[in-house]
Amino acid sequence: MQEFDFSIIEAEARKKWADNDVYKVNIDTSKPKYYVLDMFPYPSGAGLHVGHPLGYIASDIFSRYKRLKGFNVLHPMGFDAFGLPAEQYAIQTGQHPAKTTIENIATYKRQLDKIGFSYDWSREVVTSEPEYYRWTQWIFIQLFNSWYDKSAEKARNISELTAIFAQSGNTDLQAACDEKTAEFTAEEWTSFSEKQQQEILMQYRLAYQSYALVNWCPALGTVLANDEIVNGVSERGGHPVERKKMSQWFLRITAYAERLLQGLDTLDWSDSMKEMQRNWIGKSIGAMVSFPLEGHNADVEVFTTRVDTIFGVSFLVIAPEHDLVSQITTPEYAEAVDAYKKVCAAKSDIERQQEKVVSGQFTGAYVTNPLNGAKVPVFIADYVLAGYGTGAVMAVPSGDQRDFSFARKFDLPIIQILDAQKNTEEEADPTKDGKYVNSDFINGMTYSEAVPAVIAELEKLGKGYGKVNFRMRDAGFSRQRYWGEPFPVYYDQDGIVRVLDETELPLTLPTVEDFKPTADGRSPLANAPEWVNALGDGKTRETDTMPAFAGSSWYFLRYMDPKNEEAFVGQEAQAYWQDVDLYIGGTEHAVGHLLYSRFWHKFFKDNNWVSTEEPFKKLVNQGMIQGRSNFIYKAVVINNVTPKDVKSKSHLKHNIHSPIVAISKNVYLKLKKLSNQELSSLTQEEELEYKEILHKISEVESNINEFYKTHDIAHQGTYSVPNFPENYIRTHIDVNVVDNDKININKLLAKKNKLDNYFFITDSEGNIECDWEVEKMSKSKFNVVNPDDMIAQYGADTFRMFEMFLGPIEAHKPWDTNGIEGVSKFVRKVWRLYNFDEAGNPTVKEEASKDELKVLHKAIKKVTDDIERFSFNTAVSALMIAVNDFGKLTPLSRTTLETIPVLMAPLAPFIAEALWTRMGKEGTVFDAAFPLFDEKNLVEDNVLYPVSINGKVRVKLEVSASLNSKEVEELVLGEADVQKWLEGKSPKKVIVVPGRIVNIVL
RNA sequence: GCGGAAGUGGCGGAAUCGGUAGACGCGCACGACUCAAACUCGUGUACUACGGUGUGAGGGUUCGAGUCCCUCCUUCCGCACCA
């Protein structure tokens, strides 16, 4: 008998596929197209971990399945190769990012190849290669040369805009532009200098420059996009971020806000994903209101979503950075306002966010409520953001909790505005129910009546209007980095921005001596003056580079036509492949990449470069494979602080006076972090006590033990420490305060010298309690599992099916190799069904039995269904069931033995190809047709009916499948076993669900 | 705080339309093979006081609820002084 050896069959299949170019795909109009795309990886130095392939395996299964179903499948792969890690590595080691990127890509490709994907590598794209970024630069030029016509709802060429300006100025123009754009006539336009004209055009371009407050990260020496900041610190590196005014490139994505929002309705994406994009776009329908400033000929403009609450306004808050602040501040408050502004400016974004205490400063200025003439004081406060809306807020303490806290602190009136508002003396109630009170002409109205009434009155007075506002802001497109696409622009002698001619592309990245940003925060490209000044005549190149999302916003189009030198994607290729039918990737790109790609695609559509409005028809989000980290509890004990009221979690949750809380790990106590609201409601004494406890924790934390220097610690479980020293802490409920910080064991073992002094929580026998937790798999958490070893041990087919077998594709799941033996066993069982002789010939039976056909067709039906609905874990399970059943029916017929490989091919391509070959079939199994199931093989003669009496299954009866419901009912009621349960009573009701169940109600 | 997802055996999970809860796999137990072990094969495996009870808790709709409705709890993810 020929034994199963995955290394032999893998080598065999690889050779066959390579020799015949099996995965090469071309335009074939005789077949329907299907485009399956993975979110391409960033080739990091760490290589692939087991989390990466989850989505790739799923997409590969679906690609292979669609191919077997007769589709011409495009399934490419490439690399998102520009990015910060390569640059930081370059700064550390002096290695050129291009070199490390090439090496990393080679590693990735080698690892991917082991898993057996059906990529057409001839279509590979790498965003950092000049042949690719040439077109990224080209697209930038097109954006620069475009403006957005709101009346036509599409982008148009900038030359059409200058024509309009020359003809009629901009007074009647409906265009997406900067807020501050001034009106001018045709005559004025023609009289402007070129520099002035260019400055105006810049306010309309889809790629434009502007000065703006940006997220400046001193540590990285660069500006970060909103979605590159996580919890107030940079996503990569976790450095603090502050605000800085800089000249930046932006993309006018806000022009497309409404289309980006509407387009979501046409997409087959998960609701949660669409919701995230909706939230990001943040459309809110509200109103602009002008509050006239007392003593100034100016208004403070405010955007509000609750214009109906205008009679409850008791103060106005504007952002400390607001332009008006310096003008309106009265002399007596000037000093205090300046001081407050300084405090805000000195705070980084994180600190500003972490600030729990309500703060603000009166400016001395007043505005008038345009509807009732009330005198309203104007404050500045850091909770109002300069970048959102108008940077000013009308505050309604009875309806908004922040406004309420502010009013309390500064002793401002709290005006009830709706009769349904509860308890406005104690807290704000943002309800829209009830009738208005204290509200002049809307008294007695409901919410839906009041809003239009107020807006109409404001419009009549010229003091406001209804307005749609978007939360989304234009995308910052400049990075002060080396490893990105250079902008194809230069500044001429007059400082006017000019784009390069398309024939001059690509503008390649020069080699620089130093990859660090310059001391003044300019990009490393400033370190290459010969490149910056290459054009002569005082012309200088832009030294910023594009962000990582530039290349990834259109790569899916390049795969359609990767070698085209005339266009970023050719018309023929675009017309055939159109858009992505199935896109698989992680949710982490929900608002970044997926939104930018949609924006660019819509821009392309406006220019008829693509044929569809949306790039990604269907989106499946694979869950994260999480790592398992092992922990030890660290205890910090504080003396002389007695926890008050520590009874139960729920009790404490509502008791803000106790800063101490019991947590789930049975006995440990921990200092409860107080929320904003809770902190502000503490008395001075309580606040002191709270701070004292914090102080003591840090004090004791510095007095630590050196356990790890004397003991080795196992990686998990309960670890018994012999002769556990007396002075180590045993935890009891009456230990005063115990911080339950956990320490990652692997991290501890990796950095032994830093272990210094810790107390560890032990049980009464002195065992150290070890716990484990599921976390994101990442290098920094010391929990990364590499797939290579597993593939070497079990083979690619087993690895693929095992990853699928872990659970539903969308679910986040911890990596746990328990269970891979089961899949491995299954693969070997498949092989055994064929009972190959020494010469490699299978044992074959003449004709399939009825049972055999039933098993086969049941499996075909289930596997087809499961793959169609991306339920790959149950597809594997269905194959296992079939193989277990087949095992009892060997030898099997030729039909069955020839069908099994095709059925398995999407999931386990290697063994499928091997079996296909050994069955004497020509060509590759992937040119076969996926089997169809035949219902007639699934028909049962008898049905086993569970008979339930009053909802409890009591009897099971085998009944001929040919009987109708009435006949089944009679037969069931006549049965002695059933009669026994009826206890002589006659049933009130009998429900027969054909083929499923009989329920008798007594 | 807002938004989204999810809570099912010792574990991962299954139940696709409201119709036998726990498929499949791991683990565990016993048995066969073996000098022995591994492999392989077979049997069993939610709990149980053997009446029943069971899908986070409590209500409801229904002949029938893991699935639908209401209230609540917990966990994870995303967003956040967003006006």
Side-chain angles (χ1 to χ4, degrees), chain A residues 226-227 230-231 270-276 278-280 282 284 286 302-306 309 317 352-356 358 381-385 387-396 399-403 405-406 430 469-471 587-588 590-591 621 623-624 626 649-650 664 675-677 774 801-802 805-808 810-814 816-823 825-826 828-829 832 862 865-866 868-869 871 873-881 884 887 944-954 956 987-1002:
Chain A
N226 284 334
D227 54 314
V230 177
N231 298 328
S270 72
D271 289 340
S272 56
M273 201 57 135
K274 291 186 189 181
E275 200 56 33
M276 280 188 224
R278 281 193 197 103
N279 285 343
W280 186 264
S284 54
V302 160
F303 175 77
T304 176
T305 52
R306 285 299 300 274
T309 63
V317 187
R352 219 163 131 163
Q353 274 173 33
Q354 283 174 346
E355 188 56 72
K356 299 290 184 205
V358 176
D382 63 358
Y383 79 86
V384 173
L385 303 180
Y388 183 76
T390 61
V393 183
M394 61 178 222
V396 183
D400 182 284
Q401 191 56 48
R402 273 168 309 143
D403 295 347
S405 309
F406 199 92
N469 198 49
F470 290 96
R471 184 188 111 117
T587 47
E588 65 271 24
V591 287
N621 296 115
M624 207 164 19
Q626 296 151 315
K649 267 168 87 178
S650 59
S664 57
S675 72
N676 185 8
Q677 217 175 319
V774 165
M801 286 192 285
F802 173 63
F805 198 60
L806 282 174
E810 322 84 35
H812 297 281
K813 43 205 168 264
D816 187 350
T817 52
N818 289 339
I820 195 164
E821 290 292 347
V823 180
K825 233 183 264 181
F826 157 69
R828 279 173 277 155
K829 276 189 203 170
R832 228 177 297 135
K862 179 75 175 146
D865 277 5
D866 286 349
E868 291 275 359
R869 66 190 178 99
S871 178
N873 55 332
T874 53
V876 173
S877 147
L879 287 169
M880 286 175 169
I881 294 168
N884 286 344
L944 186 69
Y945 274 97
V947 178
S948 73
I949 289 147
N950 283 342
K952 286 192 171 52
V953 176
R954 300 296 191 185
K956 290 186 184 178
K988 274 192 198 136
K989 201 168 176 184
V990 179
I991 291 125
V992 179
V993 184
R996 306 222 69 138
I997 198 170
V998 178
N999 193 13
I1000 299 169
V1001 188
L1002 287 180

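Numbers restart at 1 for each chain; the letters A, B, ... are given by sequence-line order, proteins then strands.
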What is the nucleic acid contact for A:Leu806, judged by heavy atoms within less than 4.0 Å: base, sugar-phosphate only, or nothing? sugar-phosphate

Remember a base hit wins even if backbone is also touched, and classify A:Val393 as base, sugar-phosphate or nothing at under 4.0 Å, heavy atoms. base

When you compare the protein's N or O atoms with those of nucleotides 9-11 of chain B, which come within less than 3.5 Å of each other, and at what distance?
none

[X] has an atom [atom1]; how far is it from atom [atom2] of [N], in whole Å?
X: A:Phe470; N: B:rA83; atom1: CZ; atom2: P; value: 14 Å
X: A:Trp280; N: B:rC77; atom1: CH2; atom2: P; value: 18 Å
X: A:Ile991; N: B:rU20; atom1: CD1; atom2: P; value: 14 Å
X: A:Glu810; N: B:rC76; atom1: CD; atom2: C1'; value: 15 Å

All side chain to side chain donor-acceptor pair (under 3.5 Å) counterparts of A:Lys274, not counting sequence neighbours: none

Going by the rule side chain to side chain donor-acceptor pair (under 3.5 Å), which residues pair with A:Lys829 if we only count those two or more places apart in sequence or in a different chain? A:Asn884

If you only use heavy atoms from C-beta on, which nucleotide in [options] is closest to the side chain of [X]?
X: A:Arg471; options: B:rA83, B:rA80, B:rA15; result: B:rA80
X: A:Ile997; options: B:rG19, B:rA15, B:rA14; result: B:rG19
X: A:Asn279; options: B:rC41, B:rA83, B:rG3; result: B:rG3

Mind telling me if [N] is syn or anti? Syn here is a glycosidic angle within 90° of 0.
N: B:rC17; result: syn
N: B:rG9; result: syn
N: B:rG51; result: syn

Search all heavy atoms of [X] against all heavy atoms of [Y] and return the closest pair with its distance.
X: A:Ala381; Y: A:Phe406; answer: CB-CE1, 3.7 Å
X: A:Asp866; Y: A:Ala875; answer: OD2-N, 3.3 Å
X: A:Pro808; Y: A:Asn873; answer: N-ND2, 3.6 Å
X: A:Met394; Y: A:Asp403; answer: O-OD2, 4.1 Å
X: A:Thr309; Y: A:Val396; answer: OG1-CG2, 3.3 Å
X: A:Val302; Y: A:Thr390; answer: CA-OG1, 3.6 Å

Is the shortest side-chain N/O distance from A:Arg278 to OP1 or OP2 of B:rG3 below 4.0 Å? no

Check whether any side-chain nitrogen or oxygen of A:Arg996 sits under 4.0 Å from OP1 or OP2 of B:rG64, and answer yes or no. no

Please state the C1' separation for the pair B:rC26 and B:rC76 - nearest whole angstrom. 24 Å

Dot-bracket encoding of pairs in RNA chain B, which uses [ ] for pseudoknotted crossings and | for another strand, Watson-Crick or G-U under 3.5 angstrom: (((((((..(((......[....)))((((((.......))))))((....))..(((((..]....))))))))))))....

Distance in Å, A:Thr874 OG1 paired with A:Phe805 CZ, rounded so as to fall on 0.5 Å steps: 10.0 Å

First locate atom OG of A:Ser877, then atom CE of A:Met801, and finally report the distance between them rounded to the nearest 0.5 Å. 12.5 Å

Please tell me which of A:Ser948 and A:Asp866 maps to the more 5' nucleotide of RNA chain B, matching each residue to the nucleotide holding its nearest heavy atom. A:Asp866

Specify the residue among A:Asn999 and A:Ser871 whose closest nucleotide of RNA chain B lies further upstream toward the 5′ end. A:Ser871

Could you pull out all donor-acceptor pairs under 3.5 Å where a side-chain atom in residues 989-1002 of chain A meets a protein atom, sequence neighbours excluded?
unit_1   : atom_1 : unit_2   : atom_2 : d
A:Asn999 : OD1    : A:Ser948 : OG     : 2.7
A:Asn999 : OD1    : A:Gly951 : N      : 3.4

Short heteroatom pairs, N/O only, protein and nucleotides 22-31 of chain B, under 3.5 Å:
unit_1 : atom_1 : unit_2   : atom_2 : d
B:rC24 : O4'    : A:Ser877 : OG     : 3.4
B:rG25 : OP1    : A:Asn884 : ND2    : 3.1
B:rC26 : OP1    : A:Lys825 : NZ     : 3.1

